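Input: a single structure, listed below in structure tokens.
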Amino acid sequence: MSNSTSRRVRTRYAPSPTGRQHVGGIRSALFAWLWARHNEGDFLLRIEDTDQTRFREDALQDLFESMAWLGLAYDEGPDGPDAPPNDFFQTQRGPRYQEVAEELVERGAAYYCFCSEARLAELRERQQARKQPTGYDGHCRDLSAETVAERLATFEAEGKRPVVRFKVPRDGSTTVPDAVRGEWTIENKQIEDMILLKSDGLPTYHLGHLVDDHDMRITHPMRGVEYVPTAPLHVMIHEALGWELPTYVHLPLVLNPTGEGKMSKRKQGLDEAAGEQMMRELHAERLIPDALFAYQERNANWGLLTMVHEFREAGFLPEAMLNYLALLGWSVGADKDIATVEEMIQLFDIHNIKKSPSAFDYNKLEYLNGWYIRQLPPKVLATKLLPYLEAAGLEVDHDKLLDVLPLVHERMKLLSEAPELLDFFLGEAPLPDPADLPGKKMDNAQTRQALQAAHQALANSAWTLEGIEATMRETATAQGLKAGQLFQPVRVAITGRKFAPGIFETVYHIGRERVLERLERAVGLLAA
RNA sequence: GGCCCCAUCGUCUAGCGGCCCAGGAUACCGCCCUCUCAAGGCGGAGACACGGGUUCGAGUCCCGUUGGGGCUACCA
């Protein structure tokens, strides 16, 4: 029955607008997108908004922004944040689901269920108390036609609607065509009579996604493993309807960096303080890399980064995100990890998706981000850095930025590091910590003397890289210091930081006037 | 609890019965480069969860154990 290979490949990403985009979800979107592109098929975006109680206003905007930022363009979809409601919103397709539900009832494959939520809750409680498996007991499964008609009338009079449940065959077994785990079979009796149509007239996931996937001619529904247990139900519904079966693609879970549990901001029930504690521990265990940790510390963002917008704000590049996400449950090749989007499209194959879950590795993501930053032409990088510099209150002269950017370019891991890497070039330098000023084996008095000597020498030096180098090396020799013993105090004095680019370039670009000012300031700090 | 699924270095993975005393990447350690930090180069340590089978031969197939995970809603 499953014969989707001959059809044009069509995949979709169908999130619920219940919150912002999570990396796990977007990984599904990426895989679906890659498979469509690989086959020169279509990729669609659909909004599964049938659960109106969980709807979140900011969700749609964030979804569109996330897709656009990552470059995951869809061939068919709701068309942007301001599009009028259309077929790509499930809430707009109520009648279609009702029609299919009724058809199933007519075919005897589904039935109306009049059980109250109270009865269901009671049933569940009783089952739990007796340590029996929970599940619907089939109370309304075999009601006579007369009884059904009667109750239907009663419900209607009361302005209520019954739910529709699928009548799972009591015997036999069902086989699921699954590209990741291969065909697998399960006994039908292990599936319960799930609700297809809710009493508000909207479908549950089981009916909604299935009708849409069919109507939209989706050949490969991709979704997380959490849908594996109900996949047989979906196959049975297809069979009852006589619809062609798609090939399911169940994607493995994305786990926390520790490998314990599903990826989430913090462990369940942990508050902000505990979140900070957790992050400090993860950093100490080197599960959170330095640049990212510094960013989270600066912003008091205490918890794992999990939302797409968080990664964007922290200064990750979309190409790094895509590359990294592709490595979660898949591989771009035996001897490499870096691949362009084009390469990924060419190489992607749903049959190579792993079955086992994978832990999210912030180290590797940060490494890839640094790698992609290094590939960026300086002008492009400069443009991407601007928002971060301006947010830090730095007035940026574009030419000046382009002058100094090469000095820090290859050291940058996150775009958000720009201010601390560049502020002493572009604006004021932070006040140095006096304890950082002395070079190796130097006391305060020696350091003062060295800085004063540097001040005097640089005041008269030719202002070229060669001139500055000659001046500084001569000064060191004259002071009886090793080069580094002079350079480090000068570095700290003029940048306010222990780490900075090469000293000659740094001196040169900061400019004579500001260098001299900052040297004086540092001498003052050591006065006491 | 019940049902289902998964299992290669700390992490992501290559491996689809002999090419593997297991390859790459990251993280870690050391050396080189060097004025600091990066980047880069070179090197090091580091894995087939365990126990049974099948086979001339198993990381690769089967069973069990252990461990991990998912589902168990008128949520998706």
Side-chain angles (χ1 to χ4, degrees), chain A residues 14-16 18 48-51 53-54 113 115 117 120-121 124 127-128 131-135 161-165 181 184 186-187 189-192 194-200 202-206 208-209 223-232 250 252-253 255 257-262 285-287 289 291 324 327-338 352 354-368 370-371 374 408-413 421 439-440 469 472-473 476 482-488 490-492 495 497-504 506:
Chain A
S16 288
T18 53
E48 305 215 334
D49 56 350
T50 53
D51 184 357
T53 60
R54 292 199 308 157
C113 172
C115 293
E117 294 200 52
L120 295 177
R124 188 160 38 241
Q127 288 167 331
Q128 279 166 348
K131 300 201 169 162
Q132 290 171 334
T134 55
R161 305 170 73 146
V163 303
V164 174
R165 284 184 186 271
R181 36 202 77 214
W184 49 278
I186 196 173
E187 303 278 299
K189 64 184 173 203
Q190 274 159 21
I191 309 293
E192 63 171 307
M194 306 290 287
I195 290 176
L196 264 25
L197 200 68
K198 302 184 284 181
S199 54
D200 64 1
L202 287 170
T204 59
Y205 170 80
H206 306 299
H209 93 276
R223 35 143 75 160
V225 286
E226 58 267 32
Y227 295 104
V228 166
T230 48
H250 290 111
L253 224 56
L255 269 22
T258 53
E260 302 158 344
K262 224 169 170 173
E285 289 165 37
R286 296 182 209 84
L287 259 22
Y324 177 70
L327 265 25
L328 245 32
W330 185 57
S331 156
V332 300
D335 288 321
K336 66 175 193 166
D337 283 318
I338 291 176
N352 293 135
K354 295 253 299 184
K355 291 196 263 293
S356 47
S358 34
F360 196 93
D361 185 347
Y362 287 96
N363 280 306
K364 197 149 183 174
L365 206 215
E366 186 175 289
Y367 164 80
L368 285 172
W371 192 88
R374 272 174 256 133
V408 301
H409 193 147
E410 70 180 14
R411 308 191 308 134
M412 193 175 288
K413 301 269 181 61
L421 252 24
K440 275 180 192 158
E469 174 161 5
M472 291 190 67
R473 290 197 187 279
K482 291 196 169 182
Q485 286 182 297
L486 176 68
F487 297 175
Q488 188 60 10
V490 171
R491 167 176 291 113
V492 175
T495 66
R497 297 208 151 78
K498 285 190 281 187
F499 317 125
I503 192 67
F504 315 123
T506 304

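The structure displayed is predicted, hence computed values, not measured ones. Lettering of chains follows the sequences in order, A, B, ..., and the numbering in each one begins at 1. The figures here come from the full heavy-atom set of this structure, side chains too, leaving out hydrogens, waters and symmetry mates.
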Expressed as a whole number of Å, how far does the [atom1] atom of [N] sit from that of [M]?
N	M	atom1	result
rG18(B)	rG59(B)	C1'	13 Å
rC63(B)	rU26(B)	C1'	36 Å
rU11(B)	rC50(B)	P	15 Å
rG52(B)	rG10(B)	C1'	30 Å
rU8(B)	rC21(B)	C1'	15 Å
rC28(B)	rU66(B)	P	37 Å
rC42(B)	rG51(B)	P	38 Å
rC48(B)	rG67(B)	C1'	16 Å

Remember a base hit wins even if backbone is also touched, and classify [X] as base, sugar-phosphate or nothing at under 4.0 Å, heavy atoms.
X	answer
R497(A)	nothing
K413(A)	sugar-phosphate
G502(A)	base
L327(A)	sugar-phosphate
A359(A)	sugar-phosphate
R491(A)	base
K355(A)	sugar-phosphate

Identify each atom pair where a protein N or O and an N or O of nucleotides 73-76 of chain B are less than 3.5 Å apart, giving names and distance.
| unit_1 | atom_1 | unit_2 | atom_2 | d |
| --- | --- | --- | --- | --- |
| rC74(B) | O2 | S199(A) | N | 2.7 |
| rC74(B) | O2 | S199(A) | OG | 2.7 |
| rC74(B) | N3 | S199(A) | OG | 3.0 |
| rC75(B) | OP2 | K198(A) | NZ | 3.3 |
| rC75(B) | O2' | D51(A) | OD2 | 2.8 |
| rC75(B) | O2' | R54(A) | NE | 3.4 |
| rC75(B) | O2' | R54(A) | NH2 | 3.0 |
| rC75(B) | O2 | R54(A) | NH2 | 3.4 |
| rA76(B) | OP1 | T50(A) | OG1 | 2.6 |
| rA76(B) | OP1 | K198(A) | NZ | 3.3 |
| rA76(B) | OP2 | Y205(A) | N | 3.0 |
| rA76(B) | O3' | S16(A) | OG | 3.2 |
| rA76(B) | O3' | E48(A) | OE1 | 2.7 |
| rA76(B) | O2' | S16(A) | OG | 3.1 |
| rA76(B) | N3 | Y227(A) | OH | 3.0 |

In whole angstroms, how far is the [atom2] atom of [N] from the [atom1] atom of [X]?
X	N	atom1	atom2	answer
W184(A)	rC3(B)	CH2	P	16 Å
R181(A)	rG70(B)	CZ	P	13 Å
E469(A)	rC35(B)	CD	C1'	10 Å
L365(A)	rA27(B)	CG	P	12 Å
F487(A)	rU34(B)	CZ	P	13 Å
E410(A)	rC33(B)	CD	P	18 Å
L328(A)	rU11(B)	CG	P	14 Å
K354(A)	rA7(B)	NZ	C1'	9 Å

Problem set entry | Side-chain ion pair, D200(A) and R161(A), N-O less than 4.0 Å |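 Between R161(A) and D200(A) there is no salt bridge, as every charged N stays at least 4.0 Å from the carboxylate O atoms.
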Within the distance-only criterion (no hydrogens, no angle test), does the side chain of [X] pair as donor or acceptor with the backbone N or O of [Y] below 3.5 angstrom?
X	Y	value
Y324(A)	D361(A)	yes
S199(A)	P162(A)	no
S16(A)	E48(A)	yes
E366(A)	N363(A)	no
K198(A)	T50(A)	yes

For this session: Mark yes or no for a side-chain to base donor-acceptor pair under 3.5 Å between K364(A) and rC12(B), with no hydrogen or angle criteria applied.
Result: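 Counting by modelled atom types and ignoring angles, a donor-acceptor contact under 3.5 Å is found here.
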Problem set entry | Residue met sooner reading RNA chain B from 5', once A500(A) and S331(A) are mapped to nucleotides |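 On the 5' side of the pair lies S331(A).
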Problem set entry | Whichever of Q488(A) and S358(A) has its nearest RNA chain B nucleotide further upstream toward 5' |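 Nearer the 5' end of the strand: S358(A).
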Exercise. If you check the Y367(A) side chain, which of rC37(B), rA27(B), rG70(B) turns out closest?
Worked result: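 Nearest to the side-chain atoms of Y367(A), counting from C-beta on, is rA27(B).
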Problem set entry | Watson-Crick/G-U partner (both atom distances under 3.5 Å) of rA49(B) |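 Looking at the geometry, rA49(B) pairs with rU65(B).
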Problem set entry | Nucleotide paired to rA22(B) in any strand shown, Watson-Crick or G-U, under 3.5 Å |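 Partner of rA22(B): none.
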Exercise. Can you tell me if the side-chain N/O atoms of R286(A) get under 4.0 Å from OP1 or OP2 in rU26(B)?
Worked result: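 Answer no for this pair, as no side-chain N or O of R286(A) is under 4.0 Å from OP1 or OP2.
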